[in-house]
Amino acid sequence: MAAFLRKLLDQAGLTQATLAADFGLGTSALSTRFRGERLDWPFVQKVIELCSKDSDARTRERRLELAGRLWDGLPVAAQRPPTRSLHGRDIVIDSLLQVAEAETGRAEALQELSDKRRQLDQAVRARGQAEAAVQAASSLNAVLAVWVIVMADEVEHTQGYRSALARRTPLDRDELVRVDTLLSLAVRHHERITVDSAKAATDLDRANSVLAGLITCGRRLQADIARLYADKPSPVDSREPGSDRVLPMPFDAAREFAANIDKALDRIEDFSKTIGQEVQQTADALARLDPGGSDCSPPPAAPAAHSTGYRPGSFLALLTSEDHNALLRLGVQRRTQTLFQFSLMDGVVLIKSGLLVRKIRTSAGAFNVGVCGAGDIAGDVHALTGMPTNEFVEYLRNGDVVVIPSQTFAEHLGATPSVRQALLTSEARDSARSSRQAGRGPRAALTRLLVRLAESYGEAIPDGTGIALDELTLRSIVSDADVALDELSREDLAYARGEHIVIPSLDALRASQ
């Protein structure tokens with residue numbers, strides 16, 4: 001017992017002289033007791049308490065328990081002098097102390113092993129939950145990725161029909177209002193699906209990151225358990241029966257989208273919340289098991305460069321690489337969601353990726369007049385003509401755009417004929433496609449095309465108005481353009497001359513539509 005008390009003093013950095021005042025004893029009396037003579041249990045308790053005041057409660061209790069076992073095992077009463085050699089008795093006590101410390105160390109190792117096993121069970125359960133969240137998020141992400149494309153196509157199709165309807169004479173206003181309503185509904189559905197798709201992709205990335213963290217944590221816990229066993233490796237994966245979780249898609253997405261898209265979107269949002277909760281629970285479990293590795297948020301992806309992937313026949317797709325890069329350097333890159341009611345009098349917008357919806361303000365409100373995708377341009381007509389416009393653009397699907405000041409764009413276009421040619425060709429293709437959708441013949445399609453190009457990009461020449469397009473380009477855009485142009489030429493409405501189309505009287509050509 002005396003050896004045990006002296007060891008506690010050494011560990012606590014105390015001396016017998018510093019304890020004299022606390023015990024109310026002289027130094028010689030303390031030395032006698034620390035040699036093992038006239039010891040009593042209250043004295044032992046007080047020494048342990050003084051030596052353990054900076055230790056935790058568990059350490060203090062363990063020392064008291066060990067001292068109690070040593071006290072009960074003393075062969076001679078503590079108040080009586082020893083009847084045998086003090087040196088021999090100290091050897092026995094030291095041996096008992098070493099055995100007791102070994103037992104304590106073994107108990108601590110068993111406790112650590114129990115803790116590691118408990119943590120491994122928690123990691124295994126959380127891993128099953130994370131795997132279920134990954135599967136659910138993956139399924140939802142796949143469904144929404146398809147419907148983003150489907151709804152974008154519906155928006156473009158409805159917009160094409162609306163544009164064709166607006167050009168019919170006489171104008172069917174009731175049908176136009178009905179189509180505007182359908183277009184607005186399609187745009188709203190597309191916006192909701194796009195937002196849900198982005199959230200599902202984020203949940204999938206986060207669930208994958210959490211799952212990777214839990215797998216790493218589980219492998220580390222297994223290695224620790226194998227080390228504690230020393231000679232017995234831990235099981236590879238002690239998954240509990242029934243620990244695998246499944247979050248099935250709660251509905252037939254394709255069928256319900258077709259039947260009632262609003263109801264399907266509501267259920268999508270509820271299911272997405274469930275996935276988010278599952279991912280958060282697994283992230284919390286990983287944070288408890290591995291605080292240092294709990295930051296599982298994926299790093300933001302670097303914005304990609306979109307020099308390819310433009311819509312075939314669009315303005316940017318028709319540019320050469322040199323013209324494309326030089327033009328984009330004139331403007332400032334922005335994200336589409338920052339263009340809220342962006343007036344086309346404030347600059348020319350080049351769409352590198354994403355979707356913008358073109359709208360026009362009227363006394364009856366704002367109406368959709370077009371959708372711009374990758375490769376398209378908006379605001380070029382105002383930049384070239386300087387005419388006021390009440391047209392503006394808004395975000396439809398996120399992407400990258402470049403905004404160029406109107407005057408800068410007009411000056412660059414005048415100095416670069418190849419860029420002007422690409423712009424005219426893209427506008428001609430779009431106009432011809434709209435005419436085909438409206439079911440008009442070659443002459444009507446060519447007349448409408450020439451009027452539109454002359455109004456937006458025509459050049460004043462002595463013979464009337466010139467358009468920088470040759471007859472070969474017209475034939476590649478409008479079917480039977482040569483026959484239709486011959487008819488217009490016989491009526492002195494338009495004819496080809498070199499690299500230009502000449503319109504003697506734009507008013508006469510417009511009246512012939």
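We number each residue from 1, following the sequence as shown.
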Are the side chain of [X] and the backbone N or O of [Y] linked by a donor-acceptor pair below 3.5 Å?
X      : Y      : result
Asp400 : Lys352 : no
Ser184 : Asp180 : no
Asn208 : Asp205 : no

Before you tell me yes or no, could you show the steps for Asn398 and Thr194 under side chain to side chain contact (heavy atoms under 4.5 Å, CB included), namely the whole-Å CA-CA distance, both residues' side-chain angles and the distance that decides it to 0.1 Å? CA-CA 9 Å; Asn398 198 16; Thr194 302; 5.9 Å; no
With rounding to the nearest 0.5 angstrom, report the [atom1] to [atom2] distance, [X] to [Y].
X      : Y      : atom1 : atom2 : answer
Ile351 : Thr336 : CD1   : OG1   : 9.5 Å
Leu355 : Asp376 : CG    : CG    : 9.0 Å
Asn390 : His382 : CG    : NE2   : 12.0 Å
Ser406 : Asp380 : OG    : CG    : 10.0 Å
Ser418 : Leu318 : OG    : CG    : 11.5 Å
Arg420 : Leu384 : CZ    : CG    : 6.5 Å

Is [Y] close to [X] at the side-chain level, that is, under 4.5 Å between some pair of heavy atoms?
X      : Y      : result
Met387 : Val381 : no
Ile377 : Val348 : yes
Asp346 : Val403 : no
Leu446 : Leu450 : yes
Gln421 : Leu469 : yes
Leu350 : Phe315 : yes
Val155 : Leu183 : yes

Can you pull out every side-chain hydrogen bond (donor to acceptor under 3.5 Å, both in side chains) where at least one residue sits in residues 492-510? Sequence neighbours excluded, please.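 Checked against side-chain hydrogen bond (donor to acceptor under 3.5 Å, both in side chains) - neighbours excluded - the pairs reaching residues 492-510 are Glu455-Arg510, Asp463-Arg497, Asp507-Arg510.
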Which heavy atom of [X] sits nearest to which heavy atom of [Y], and what is that distance?
X      : Y      : result
Thr465 : Ala454 : CG2-CB, 4.1 Å
Ala410 : Ala383 : CB-O, 3.5 Å
Leu493 : Ile503 : O-CG2, 3.6 Å
Ala428 : Leu449 : CA-CD1, 3.2 Å
Ala152 : His190 : N-CD2, 3.2 Å

Please work out whether the ring planes of Tyr310 and His324 are parallel, tilted or perpendicular, with thresholds of 30° and 60°.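 The arrangement is tilted - the two ring planes meet at 30° to 60°.
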If only side-chain N and O atoms count, and only distance matters, is there a donor-acceptor pair under 3.5 Å linking Thr158 with Glu154?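 No, no side-chain donor-acceptor contact under 3.5 Å.
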Hey, are Arg311 and Glu156 close enough for a salt bridge, meaning a charged N less than 4.0 Å from a carboxylate O?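 No, this pair does not count.
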Looking at Arg188 and Glu191, is any side-chain nitrogen of the basic one under 4.0 Å from a carboxylate oxygen of the acidic one?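 Judged by the 4.0 Å cut-off on N to carboxylate O distance, Glu191 and Arg188 do not form a salt bridge.
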Test side chain to side chain contact (heavy atoms under 4.5 Å, CB included) on Val357 and Val393; report intermediate values, then the result. CA-CA 6 Å; Val357 58; Val393 292; over 6 Å; no
Other residues, nucleotides and ligands only: do more than 12 of their heavy atoms fall within 6.0 Å of CD on Glu175?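 Above 12, so yes.
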Check the pair Leu327 / Phe409 against side chain to side chain contact (heavy atoms under 4.5 Å, CB included), numbers first and verdict last. CA-CA 8 Å; Leu327 182 62; Phe409 177 80; 4.1 Å; yes
Pairs satisfying salt bridge (charged side-chain N to carboxylate O under 4.0 Å, His left out), at least one member in residues 209-218, at least two apart: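 Output for this query is empty, none listed.
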Phe342/Glu394 under side chain to side chain contact (heavy atoms under 4.5 Å, CB included): CA gap, chis, key distance, verdict: CA-CA 7 Å; Phe342 181 83; Glu394 281 189 343; over 6 Å; no
Partners meeting side-chain contact (heavy atoms from CB on, under 4.5 Å) with Ala496 (sequence neighbours left out):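 Scan of Ala496 (side-chain contact (heavy atoms from CB on, under 4.5 Å), adjacent residues dropped) gives Glu471, Leu485, Ile501.
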